[in-house]
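Worksheet: one structure, shown below.
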Amino acid sequence: MYGQTEWAGLIRDVPDFPRPGILFKDITPMLANAAAFAAATGALAEPWRDAGVQAVLGIESRGFILGAALARALKSGFVPVRKPGKLPGSVLTVEYGLEYGKDTLQLRADAVAPGTRVLIVDDVLASGGTLHAALSLARQQGCDVLGAAVLIELQSLGGRGRWQADLPLTATLRFP
Ligand code: AMP
């Protein structure tokens, strides 16, 4: 059995990346280890096993990796939420504020039917802007959003406060 101590120990802290002052949580050493990847995605899926998730909405790009594995664990579909200009056809768009400037996420309008029970997933919850933007897109599309799952919550950045309080938000690892 590969426990949390083992797989969490493979997430590397990279100081001052991609900008000075950011402590970047690099999950790639954990992903590269078969037992760690399986245990981490199993733990991510655990709170959602009986939730009736029909589609996982994964946020580009590390949310694709975890989200696809999560979708397999939950036997659900997978829908990508992408950076602008990547999706063909008719798309829904949300712009959201970052510490400096703005960012944009898009969802293909026909990727998921209104009323679908969806779970939003990303690797890290920091300020919460990204997860909130994905929630807005899912709502615009008329999805039934069950909640969100992140592997890592950086509590000091207050992202949970930007999430809708009455919707579950599960975090497998929390850092103060
Ligand atoms: P936020 O919108 O501030 O909650 O930022 C979350 C998004 O930025 C996620 O898609 C993460 O992949 C990325 N991110 C933010 N902070 C970090 C960090 N310290 N380490 C790794 N990824 C991060």
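Atoms within each ligand, like the ligands themselves, are counted from 1 in listed order.
At the shortest separation from atom 13 (C) of ligand 1 among protein heavy atoms lies Arg62 NH2, 4.4 Å. Scanning all protein heavy atoms for the shortest distance to atom 15 (C) of ligand 1 gives Ala126 CB, 3.7 Å. Looking only at heavy atoms of the protein, atom 20 (N) of ligand 1 is closest to Lys25 N, 2.9 Å.
Between Ser127 and ligand 1, at least one N/O pair is under 3.5 Å apart. Between Leu131 and ligand 1, no N or O atom pair is found at a separation short of 3.5 Å.
At a heavy-atom cutoff of 4.0 Å, ligand 1 is contacted by both the backbone and the side chain of Thr130. Of the heavy atoms in Leu23, only backbone atoms (N, CA, C, O) come closer than 4.0 Å to ligand 1. By the criterion of a heavy-atom distance under 4.0 Å, both the backbone and the side chain of Val124 are placed next to ligand 1.
The heavy-atom pair separating Gly21 from Asp16 by the smallest distance is N-OD1, 2.7 Å.
Comparing Asp122, Asp123, Leu154 by heavy-atom distance to atom 10 (O) of ligand 1, the nearest is Asp122.
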Is there a salt bridge (Lys or Arg N to Asp or Glu O under 4.0 Å) between Lys83 and Glu60 once you walk through the steps?
CA-CA 7 Å; Lys83 310 240 164 91; Glu60 188 166 354; 5.2 Å; no
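Around the CZ atom of Arg72, the shell of radius 6.0 Å holds no more than 12 heavy atoms that belong to other residues, nucleotides or ligands.
The shortest distance between side-chain heavy atoms of Asp13 and Lys25 falls below 4.5 Å.
In this structure, Val91 is not a member of the same hydrophobic cluster as Leu107, with clusters built from ILVMFWY side-chain heavy atoms closer than 4.5 Å. Clustering ILVMFWY residues whenever any of their side-chain heavy atoms sit less than 4.5 angstrom apart, transitively, puts Ile22 in a cluster other than the one holding Phe17.
Every heavy atom of Ile59 sits 4.0 Å or more from the atoms of ligand 1. The closest approach between Gly128 and ligand 1 falls below 4.0 Å for a heavy atom of the residue.
Not one N or O on the side chain of Glu153 forms a donor-acceptor pair closer than 3.5 Å with the backbone of Leu125. A donor-acceptor pair under 3.5 Å is absent between the side-chain atoms of Arg162 and the main chain of Gly128, judged by distance alone.
Using a 4.0 Å threshold on non-hydrogen atoms, atom 5 (O) of ligand 1 counts as touching the protein.
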